[in-house]
Student: 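Could you have a look at this structure, given as structure tokens, before my questions?
Atom set for the values below is all heavy atoms of this structure, side chains included, hydrogens, waters and symmetry mates excluded. When a ligand or atom number is given, it counts from 1 through the structure's own listing order. Quick caveat, the model's predicted, so the values are computed rather than measured.
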Amino acid sequence: GQSNELKLLGTFSSPFALRVKLALSFKGLSYEYIEEKDLHNSKSELLLKSNPVHKKVPVLFHNGKPVCESMIIIQYLEEAFADAGPSLLPSDPHERAVARFWAAYIDEKLFSSWMMVFRGKTDEEKAEGTKQSFAVAATLEGALSECSKGKPFFGGETIGYLDVALGGFVAWIHAIEKLYGLKLFFDAGKTPLLAAWLERFCELDAAKAVLPDVEKLVELAKMRQAQAAAAAA
Ligand code: GSH
């Protein structure tokens, strides 16, 4: 029969690789996982050859052919494996467009505001990042209300495209909570729907199967902080 070999190149800590793992898990597709061992110092031949433009993980290989960019990979899986598991994108074209709009918003605004908090060079930059993070979360709270129509997930009763887009970040949200001892982003007081979504998402068996160990992320973050401090000294 037709061969359908899937391989995923990622790192255990990458929120973007996690999106793809989540989508594969929800769809019940089996694949071979390849860990990119030293993304920051020495990229593998496989990565350089398969994503020569961005040189980033994740890369999905379907029968050897590479597909890059996490949300593009997820759209690819939807089309190439239309019969496998639940569909992540809504069937209604307008609802699909809305889901894609918010996924782009998450990548453009949410991730960049978080990065401002952690990579900001001055206290002012960090404070601005925190302010923007809360503003973006408040906007997403509205998106969750609009997309879910009162149901548990962005996708409604079941996980959808946006649940996967945001789901890539849940392990890091928990790691950051542990590191700093505060609910910086999805605070139940400020964004109750998102806070409830976060808990609900992490309880799903298909998510639990692929979510990385939060302690390992905490260790990695501490190591990176120490390296950054040493480099700045
Ligand atoms: N827009 C990309 C996607 O959605 O796949 C982002 C992927 C990305 O930033 N990957 C990081 C990476 O490979 C790891 S979390 N970084 C290596 C580099 O920047 O050189």
Student: Using a strict threshold of under 4.0 Å (side-chain N to carboxylate O), is an ion pair present between Lys55 and Glu36?
Tutor: no
Student: Assess whether atom NZ of Lys126 is packed by more than 12 heavy atoms of other residues, nucleotides or ligands within 6.0 Å.
Tutor: yes
Student: Among all the protein's non-hydrogen atoms, which is closest to atom 1 (N) of ligand 1, and how far away is it?
Tutor: Glu69 OE1, 2.8 Å
Student: Would you say ligand 1 has an N or O under 3.5 Å from any N or O of His40?
Tutor: no
Student: Of the protein's non-hydrogen atoms, which lies at the shortest distance from atom 19 (O) of ligand 1, and what is that distance?
Tutor: Lys56 CE, 3.3 Å
Student: Do NZ/NE/NH1/NH2 and the carboxylate oxygens of Arg19 and Asp107 come within less than 4.0 Å?
Tutor: yes
Student: Is there any N or O on Phe16 that sits under 3.5 Å from an N or O of ligand 1?
Tutor: no
Student: Just which atoms of ligand 1 are under 4.0 Å from any heavy atom in Ser14?
Tutor: 14 (C), 15 (S)
Student: Give the numbers and elements of all ligand 1 atoms closer than 4.0 Å to a heavy atom of Lys43.
Tutor: 17 (C), 18 (C), 20 (O)
Student: Give me the residue, atom name and distance of the protein heavy atom closest to atom 10 (N) of ligand 1.
Tutor: Val57 O, 2.9 Å
Student: Please determine if Lys21 forms a cation-pi arrangement with Tyr33, meaning its NZ or CZ atom is less than 6.0 Å from the six-membered ring centre and no more than 45° off the ring axis.
Tutor: yes
Student: Parallel, tilted or perpendicular, judged at 30° and 60°: which one describes the rings of Tyr105 and Phe101?
Tutor: parallel
Student: At a 4.0 Å cut-off, with the gap strictly under it, does some heavy atom of Met71 reach an atom of ligand 1?
Tutor: no
Student: By number and element, which atoms of ligand 1 are closer than 4.0 Å to a non-hydrogen atom of Leu39?
Tutor: 12 (C), 13 (O), 14 (C), 16 (N), 17 (C)
Student: Would you say NZ of Lys222 has more than 12 non-hydrogen atoms from neighbouring residues, nucleotides or ligands within 6.0 angstrom?
Tutor: no
Student: Is the positively charged end of Lys216 above the ring of Phe12, judged by distance under 6.0 angstrom from the centroid and angle within 45° of the axis?
Tutor: yes
Student: In terms of residue, atom name and distance, what is the protein heavy atom nearest to atom 5 (O) of ligand 1?
Tutor: Ser70 N, 2.9 Å
Student: Which ligand 1 atoms does Pro58 reach within 4.0 Å, using its non-hydrogen atoms?
Tutor: 5 (O)
Student: Would you say the side chain of Trp114 lies within less than 4.5 Å of the side chain of Ile173, judging by non-hydrogen atoms?
Tutor: yes
